[in-house]
2 protein chains.
Amino acid sequence: MKKLDLLKAIFVASLEGQQVIKVGLLRTLDVPERELAKALGSLKKESLVEIGGRGVRLTPKGRRKLRVVFIGGTFEVIHAGHLYTIQQAKRLGDVLVVVVARDTTVRKRRNRKPLAPEEERVKVVGAIRQVDAAILGSETNIYDTLERVRPDIVALGYDQSHKEEEIAQEAKSRGIKLSVVRLGSPNPNLKTSKILAQLST
Amino acid sequence: MKKLDLLKAIFVASLEGQQVIKVGLLRTLDVPERELAKALGSLKKESLVEIGGRGVRLTPKGRRKLRVVFIGGTFEVIHAGHLYTIQQAKRLGDVLVVVVARDTTVRKRRNRKPLAPEEERVKVVGAIRQVDAAILGSETNIYDTLERVRPDIVALGYDQSHKEEEIAQEAKSRGIKLSVVRLGSPNPNLKTSKILAQLST
């Protein structure tokens, strides 16, 4: 087992709010128990994890071994444009966290009910191979989620309206050190709105 | 490395029409070269693979170690209903092959242009974690693809119009031994047509 894979699994499990116990890691990583115990022991020796009771946590030093990338979106349906963004974002780091907009947020922004409820949207996004964790956003403030994840990089889709400088500023004021990256698009027609508009023409 | 994972990787690569060379397997399986060589050697000793030149092939005995599941669909957009079907199908075997309908087939059946071209649809389906191989169907006959894959199980979505008996019969006449399974749906509203219909209400 690679050290990085274990650090990633611990980070992802803690993000999803699970108490990171060894049984969960065994299931995620699909390795024999002895091998996991040995790998955890050597991470502990390097002060990359803390092991207490049945729980495992990354130390700040352990967390710094990972480059965490953060993207967000509505993901009402999944199309090739999403995939392109996800693949580009994944290449920027070791762990890709995708934040899925809440139903209330979609209603506010699009002035209609989302095509699929949030719990379905987050499940579909989580099923994409390159996505390490898909989580629901906050209903009130996008920066709450940023504080929860504390990523190293925020990647913005080419058509997302968020301002790079504003995100960098807000992160800084919360003590989060991150870079904001604007991704490109292979094809501006790969947008949910344009794909769905075909149906009414 | 697990024996089954290596057999699966060889099957999938051969299905995608690649000459299965060791370099490709090293990339797919992400293991050191020595470990791969050792694993291939032991599969050869058990007559599960044939190694000739730089190519590796499953023997009929090797192929019988895998249970291959086959599903098909249009996959214009991906939603939670697709995911449910894919997850259910995956549980039926070791390798899940998903056949994506050609643009010509979609035009014939739905009397309109597909929402996304076939090369995008097959890429998106291939990005779903549980999908081992996503391939484009035949433009003329669904049974050509069945002959190419020679699955052990064909799984039908709850709303697919294909007849179980007809598939079983056609497979038999082509010398393919398989079972046909009808999957359930958690929620009949999880259909592309119903999801998209919300847009015009």
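By convention in this document, chain letters (A, B, ...) are assigned in the order of the sequence lines, proteins followed by strands, and residues within each chain are numbered from 1.
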Using a cut-off of under 4.5 Å on heavy-atom pairs, state which of A:Gln87, A:Gln130, A:Lys2 scores highest against chain B.
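Looking at each option in turn, the highest pair count goes to A:Lys2.
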Winner by heavy-atom pair count (cut-off under 4.5 Å) against chain A, out of B:Val131, B:Ile78, B:Asp30:
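Option with the greatest count: B:Ile78.
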Apply side chain to side chain donor-acceptor pair (under 3.5 Å) to B:Thr104 and B:Glu139, showing your working.
CA-CA 7 Å; B:Thr104 49; B:Glu139 293 199 296; 3.2 Å; yes
Relative to chain B, which segment of A:Leu83 carries a heavy atom at a distance below 4.5 Å: side chain, backbone, both, or neither?
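Side chain only.
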For B:Glu46, which of B:Lys61, B:Lys3, B:Arg64 qualifies under salt bridge (Lys or Arg N to Asp or Glu O under 4.0 Å)?
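Going through B:Lys61, B:Lys3, B:Arg64 one by one, the salt bridge (Lys or Arg N to Asp or Glu O under 4.0 Å) with B:Glu46 is satisfied by B:Lys3 alone.
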Would B:Lys113 and B:Asp103 pass as an ion pair if we require N to O under 4.0 Å?
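Salt bridge flag = no for B:Asp103 with B:Lys113.
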salt_bridge(A:Glu119, A:Lys123) N-O dist < 4.0 Å:
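Salt bridge flag = no for A:Lys123 with A:Glu119.
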Checking heavy atoms, do the side chain of B:Pro117, its backbone, both or neither come under 4.5 Å from chain A?
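Neither part; nothing is under 4.5 Å.
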